[in-house]
Amino acid sequence: MAQQLSPADRAKFAAARRAVDCVEDGMKLGLGTGSTAAWMVRCLAERAREESLRLSCVATSTRTAELARGLGLRVMSLDEAGWLDLTIDGADEFDADLTLIKGGGGALLQEKIVATASDRMIVITDASKEVRTLGAFPLPVEVIPFGAQASRLLIEELLGGLDVMGTTASLRMDGARPFVTDEGNHILDLALGRIGNPRQLSLALNQVPGVVENGLFIDICDAVVIGYPDGRVEMRDAVAGTVEQERIVFVESDNIFHDI
Ligand code: 5RP
C-alpha cells in the first residue's frame, strides 16, 4: 500500500513519522493543518493507540480536529489545554533561519497562535519547500471581510515601499465566492516573488487596518524535519544546533495506509 503512494506523499509520511517520535506520554500537542500534518495526525494516532499514550491535542483547524477525533485522539480547545509542549505542522516555504511562510491551507491564524503557545514547534516538510529566499510562494494574509478590498489596496501601496519584488495582492477564492477561514475571515495572497526583509514586512503588514495576521512565522519554528520519498529524513534542530539523518522504513502492514 505504501508503494502506491506518490513520491510526495512518501516524503511527507517519512517526515511526519520522524516528528511523531518526538512525542512523549502526557504531552499537550498542537496539531497542524494540511496534507503533511494529516500524515502526522495519522502517525500520532497509531503511536498513541499502540503505546497507550495519554495525549491532549489542540487542532489548528476544524478539518484537523475532525481527523484527529475520528482517529481517537483527545482534542480540546487551546484555552482548555493552557500551554502546549509541542506543535507539529507543515509549511509552504522555509529558509535557513527556519523562517516560514504558512497559510496555503488557510489556517495561518490558528496555526500561529497554537505554535506560539507551544514550548517547541517542529515543521514537517518535503525538500521542495526549502528556499534560499522566501517569497516564491504567495504570502497569505488574513483580513476581516469588512473592507477587504480597501485592505488589499492599502497592502499593495505599502508593498511598493518595501524590499519585495512583486506588489500584487489577490483575494483567495473558493469557486465563485471568497475563501472563508475558520474565523470567518478572508485571505489575500501576496505575489511577492522575493521577500528581502521578512521581519520588516511582517510588522508592516500587521499595521494595516483590517489585517488580522500574516503567514510569516519568524522565530517560532525550532526544528524542521525534511522527508524524502525513499524514507530518508533529515532533522535540523536550530535550538540544539544539530543535524541528524536516518531512514524511515515503510511497513506495508501499517494501519495508517489502509484508509488512504
Ligand atoms: C495550512 C498550512 C500548511 O501547513 C501548508 O500549506 C503546507 O501544507 P501541505 O502540507 O499540504 O503542503 O500552512 O494553512
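In listed order, ligands and their atoms are each counted from 1. In this text the structure is predicted, and so the values were computed from the model without any measurement. Positions are given from 1, in the same order as the sequence printed here.
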field: Thr36 (side chain) donor-acceptor with Ala91 (main chain) under 3.5 angstrom
entry: no
query: With a cut-off of 4.0 Å, which atoms of ligand 1 are near a heavy atom of Gly103?
result: 2 (C), 13 (O), 14 (O)
- prompt: Can you find a side-chain donor-acceptor pair between Gln200 and Asp163 that sits under 3.5 Å?
  reply: no
- prompt: What protein heavy atom is closest to atom 3 (C) of ligand 1, reported as residue, atom name and distance in Å?
  reply: Thr33 O, 3.2 Å
message: I'd like to know if the side chain of Ser170 pairs up with that of Asp189 as donor and acceptor (distance under 3.5 Å, no hydrogens or angles considered).
response: no
message: Once you restrict to heavy atoms under 4.0 Å, what part of Thr125 touches ligand 1? Side chain, backbone, both or neither.
response: neither
Any donor-acceptor N/O pair, Lys112 side chain to Leu216 backbone, under 3.5 Å: yes
- prompt: To the nearest 0.1 Å, how far is atom 1 (C) of ligand 1 from its closest protein heavy atom, and which atom is that?
  reply: Glu111 OE2, 3.1 Å
query: Tell me: protein heavy atom nearest atom 10 (O) of ligand 1, and distance?
result: Thr36 OG1, 2.5 Å
message: Can you confirm, on distance only, whether ligand 1 has an N/O atom lying under 3.5 Å from any N/O atom belonging to Gly34?
response: no
task: List the atom of Asp182, the atom of Gln110, and the distance in Å for their closest heavy-atom pair.
output: CB-NE2, 3.6 Å
message: For the backbone of Gly241 and the side chain of Asp237, can you confirm whether one donor and one acceptor N or O come within less than 3.5 Å of each other?
response: no
- prompt: Evaluating non-hydrogen atoms only, which member of Ala107, Ala37, Ser35 is closest to atom 11 (O) of ligand 1?
  reply: Ser35
field: Per-atom contacts of ligand 1 with Gly106, taking only distances under 4.0 Å to non-hydrogen atoms
entry: 14 (O)
query: Should the pair Asp89-Lys102 be classified as a salt bridge under the 4.0 Å nitrogen-to-oxygen rule?
result: yes
message: Could you report the tightest heavy-atom contact between Thr87 and Ser118, atom names first, then the distance?
response: OG1-OG, 2.6 Å
- line: re atom 12 (O) of ligand 1, the protein heavy-atom contact at minimum distance is Lys129 NZ, 2.9 Å
- request: Just jot down the ligand 1 atoms closer than 4.0 angstrom to any heavy atom of Gly90, in number order.
  value: 4 (O)
- request: Would you mind running through ligand 1 and noting each atom that sits below 4.0 Å from a heavy atom of Gly104?
  value: 6 (O), 13 (O), 14 (O)
message: Test of understanding: given a 4.0 Å heavy-atom threshold, classify the contact between Ala91 and ligand 1 as side chain, backbone, both, or neither.
response: backbone
query: In ligand 1, which numbered atoms sit nearer than 4.0 Å to a non-hydrogen atom of Asp89?
result: 4 (O)
- prompt: After noting the C-alpha distance and the side-chain angles of Phe94 and Phe217, does the key distance pass the ring-ring contact (aromatic ring centres under 6.0 Å, His included) rule?
  reply: CA-CA 9 Å; Phe94 70 97; Phe217 283 46; over 10 Å; no
- prompt: Of the protein's non-hydrogen atoms, which lies at the shortest distance from atom 6 (O) of ligand 1, and what is that distance?
  reply: Asp92 OD1, 2.6 Å
